[in-house]
Amino acid sequence: MEERLPIYQNGVRAGDLLRREEGLHTVFLADCPRGQGEGLRKVWLCGDGAERVLLGTLAPEGSRWRLTRRLARSGLERAGLTGDIWGEIDQTQTGSSQPGAEPPRNALPVRPCDPVIADALAAERPGRWQRVGDCWQVTYPWQQGQPMPLLPLFCFARVGRGEVTFLLNGRGYPVAER
């Protein structure tokens, strides 16, 4: 059985979510038109009285944003996603709105050269900054299941007990763990 469900962004229909049952799993295929100047976009599964479940991050594919996920039906049932469900898009981090524009000014110890990193740092709640050699380390409180701080840098995150840490050079670029 296949069913086409809506995906909304800011209350406006932004695309389609195809739901297909495969044995003990449900496969979701998200498809949205790709506009100009858009950043990372996450899709959440939602339902009346249900908890939101992260489906994933849309990936650019030609003139479209697409995502395919296979989830256990039992997990969807535990989250209360059994009846009427839909998708919701959260635009997580974006690049600068104008090419060549200056990163936003902030009180951070680094001024990132990359507009995506600059916007991510400016939009994030304050972290705990500490000098580590010639780099800066920023730490945020974080638990598994919560949104990841500085999403564009998630692959550089060092996860500790109740916190996540990122290491940045003086120009704001991530540094692999030393």
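Here, residue 1 is the first one in the sequence, and each next residue gets the next number. Remember, predicted model here, so these are calculated numbers, not experimental data.
Screening Leu58, Leu67, Leu55, Leu151 for a side-chain contact (heavy atoms from CB on, under 4.5 Å) with Lys42, the sole residue that qualifies is Leu151.
Contact detail for Glu124 and Pro149: the closest heavy-atom pair is OE1-CA, 3.4 Å. Among all heavy-atom pairs drawn from Pro60 and Arg34, the shortest one is CB-NH1, 3.1 Å. Heavy-atom minimum distance, Ala157 versus Phe166: CB-CE2, 3.6 Å.
By the criterion of side-chain heavy atoms lying less than 4.5 angstrom apart, applied directly or through intervening Ile, Leu, Val, Met, Phe, Trp or Tyr residues, Leu153 is grouped together with Met148 in one hydrophobic cluster. The cluster map of Ile, Leu, Val, Met, Phe, Trp and Tyr, joined by side-chain heavy atoms under 4.5 Å apart, puts Leu5 and Ile7 in the same cluster. Cluster annotation: Leu45 and Val27 are assigned to distinct hydrophobic clusters (Ile/Leu/Val/Met/Phe/Trp/Tyr, side-chain heavy-atom contacts under 4.5 Å, transitive). Both Leu168 and Val159 sit in one connected hydrophobic cluster of ILVMFWY residues. Membership requires side-chain heavy atoms under 4.5 Å apart, directly or through other members. Hydrophobic clustering keeps Leu81 apart from Leu18 (ILVMFWY residues linked when any side-chain heavy atoms are closer than 4.5 Å, directly or through intermediates).
No side-chain heavy atom of Pro152 sits less than 4.5 Å from a side-chain heavy atom of Asp119. The side-chain heavy atoms of Trp65 and Thr57, taken from C-beta on, include no pair separated by under 4.5 Å. Annotation: side chain of Leu76 is in contact with side chain of Phe28 (closest heavy-atom distance under 4.5 Å).
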Self-check item: Intermediate values then yes/no, side-chain contact (heavy atoms from CB on, under 4.5 Å), Leu17 and Ile85
Solution: CA-CA 10 Å; Leu17 187 62; Ile85 65 171; 5.7 Å; no

Quiz prompt | Intermediate values then yes/no, side-chain contact (heavy atoms from CB on, under 4.5 Å), Arg41 and Cys32 | solution = CA-CA 11 Å; Arg41 298 162 29 128; Cys32 303; 3.6 Å; yes

Exercise. Apply the test side-chain contact (heavy atoms from CB on, under 4.5 Å) to residues Leu150 and Tyr140: give CA-CA distance (whole Å), side-chain angles for both, the deciding distance (0.1 Å), then the verdict.
Key: CA-CA 10 Å; Leu150 299 181; Tyr140 297 97; 3.8 Å; yes

Practice problem: Decide side-chain contact (heavy atoms from CB on, under 4.5 Å) for Thr165 and Trp142; before the verdict, give the C-alpha distance in whole Å, the side-chain angles of both, and the deciding distance to 0.1 Å. | Solution: CA-CA 9 Å; Thr165 302; Trp142 182 78; over 6 Å; no

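Between atom CD of residue Glu163 and atom CD of residue Gln143 there is a gap of 10.0 Å, rounded to the nearest 0.5 Å. How far CZ of Arg158 is from CD of Gln137: 5.0 Å, rounded to the nearest 0.5 Å. The distance from the OG1 atom of Thr26 to the CG atom of Leu71 is 7.5 Å, given to the nearest 0.5 Å. To the nearest 0.5 Å, atom CH2 of residue Trp136 and atom CG of residue Leu167 are 11.5 Å apart. To the nearest 0.5 Å, the span separating CG on Leu24 from CZ on Arg73 amounts to 6.5 Å. In this structure, CZ in Arg19 is found 11.5 Å from CD in Glu2, a value given to the nearest 0.5 Å.
Crowding of Gln146 atom CD: a count of heavy atoms from other residues, nucleotides or ligands under 6.0 Å exceeding 12.
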